Protein chains: 2
Amino acid sequence: MIDTRRRILDTAERLFGEQGYSTTSLRQIITTAEVNVAAVHYHFGSKEDLLDAIVLRKAGPVTAARLDLLDRAEAAAAPDPPCVDLILESFLLPTADVAQNNPAFALLMGRMLTEGMMPRIVEKHFQETAKRYVEAFARALPNLPREELLWRFHFMIGAMAHTICGSPTLRQIDSNCDFPTRMRRLVTFLAAAFRAPAENQPCDVR
Amino acid sequence: MIDTRRRILDTAERLFGEQGYSTTSLRQIITTAEVNVAAVHYHFGSKEDLLDAIVLRKAGPVTAARLDLLDRAEAAAAPDPPCVDLILESFLLPTADVAQNNPAFALLMGRMLTEGMMPRIVEKHFQETAKRYVEAFARALPNLPREELLWRFHFMIGAMAHTICGSPTLRQIDSNCDFPTRMRRLVTFLAAAFRAPAENQPCDVR
DNA sequence: GTCTATACTGAGATAGAC
DNA sequence: GTCTATCTCAGTATAGAC
């Protein structure tokens, strides 16, 4: 079949998201997708490279959407830097969009950001964007020491990843679990956090 | 040998932390610990139950330290509730202690909080403590809607877990990577975040 | 260029001898 | 309690059919 490759990608994306990467076997994928065992190795090389291809297919649009929103925010605020709320929105909302339309993949992406197992892939796809955002935050928060800013960026990634994943700590939360709403809550939360003065540091208003 | 069980526990704790849970095979553990393959199944039942036992051994003291610090903070502030900074410290510092003394186990714990694979274990050991803390935060932030509070608690867990894990996003951060310092930065960050007014909500001063 | 069949190694798990 | 042998299933590699 001509669409073997795509069928493997679609099936694996769904199963990885639903069950996790290590829990899902290639044999389950190829059975569900109705292809042969060797097909996945022919098309992708290995299980890890299959995951890589899945991420690649979706990460591109997300990154593009992020940078586009960031560009607009910067253009609108010029010559001043945009405020942290807008920077945060441009970073978080594209993720919420993908998550809303494709919950299984959202789970997978959230896990990848935290599962220490595949830093190679994460690094490849997110490191450049991360640098661009660190610069944007630095301009919006000029009084914040560089090191403090990098840590805060790191805290943000953790909160975002965990929010995408769902998780057991919030079984009690009954309503409003759609991703855009979550992300709006997260923006409010993180904006205040980023604006907090560093310890023994003057307050910073943007 | 009488200490077979302990040798398995120690070895597995170290290897799981260093390499991750799924990456580490039982065979590697039993080779390193110099015990037989079947010993782990005899003493623990399965690989997952072994992980469970490892967590159990360390989670108890951490939980105890947390609740002790929280009790003290509440007693000192009575009849008022303690401020969010102190609540956050009581939650985060015991984790930093363990992480500082046993980095490998810290990695493991951080991963467990995020790897969707073992929610059963996480839930068992952390759910009760979580409820206690949600109540403490609720008293410190009486104007915050319940649902918003639960989400913020969730964001906090994500930031904490990711901070314990290390991660690729902060290769650039060169100094001050010890856990207590990280956690103090995190307390500042999260305190401001928790105190942020909910959207269309009056500000809240504690 | 694609796909199939099949074999290889190593994983976790289990039954039963001692 | 401990160890050996063995089972099933995982990911991977390759030879060859179409």
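Computed over heavy atoms, backbone and side chain alike; hydrogens, waters and symmetry mates excluded. This is a predicted model, so every value here is computed, not measured. By convention in this document, chain letters (A, B, ...) are assigned in the order of the sequence lines, proteins followed by strands, and residues within each chain are numbered from 1.
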Got B/T95 and B/R66 here, is their nearest side-chain heavy-atom distance under 4.5 Å? yes
Of C/dA11, D/dT2, D/dG11, the nucleotide closest to the side chain of B/H43 is D/dT2
Could you state the atom-to-atom distance from CD1 of B/I30 to P of C/dG12 in whole Å? 10 Å
Check nucleotides 12-15 of chain D against the protein and report each pair of N or O atoms closer than 3.5 Å, with its distance, or say if there are none.
unit_1, atom_1, unit_2, atom_2, d
D/dT12, OP2, A/H41, NE2, 3.3
D/dT12, OP2, A/K47, N, 3.0

Can you find a pair of side-chain heavy atoms, one from A/R139 and one from A/I87, that are under 4.5 Å apart? no
Check the distance between D/dC9's P and A/I29's CD1 and give it to me in whole angstrom. 17 Å
Looking at A/Y42, does any N or O in its side chain come under 4.0 Å of the phosphate oxygens OP1/OP2 on C/dT2? yes
Between B/H154, B/E199, B/E148, which is the residue that forms a side chain to side chain donor-acceptor pair (under 3.5 Å) with A/R185? B/E148
When rounded to whole Å, the CD to C1' distance for the pair B/E34 and D/dC3 reads 16 Å
Can a cation-pi geometry be assigned to A/R152 and A/F155, taking NZ or CZ under 6.0 Å from the six-membered ring centre and within 45° of the ring axis? no
Between atom CZ in B/F44 and atom C1' in D/dG1, what is the gap in whole Å? 14 Å
Please report the distance, rounded to the nearest Å, between CD in B/Q19 and C1' in C/dA11. 14 Å
Whether B/E135 and B/R146 form a salt bridge (side-chain N of Lys/Arg under 4.0 Å from carboxylate O of Asp/Glu) is what I want to check. yes
What is the distance, rounded to the nearest whole Å, between atom CG of B/L50 and atom C1' of C/dA11? 15 Å
Walk me through whether A/R14 and A/D10 qualify under salt bridge (charged side-chain N to carboxylate O under 4.0 Å, His left out). CA-CA 6 Å; A/R14 184 168 57 79; A/D10 291 340; over 6 Å; no
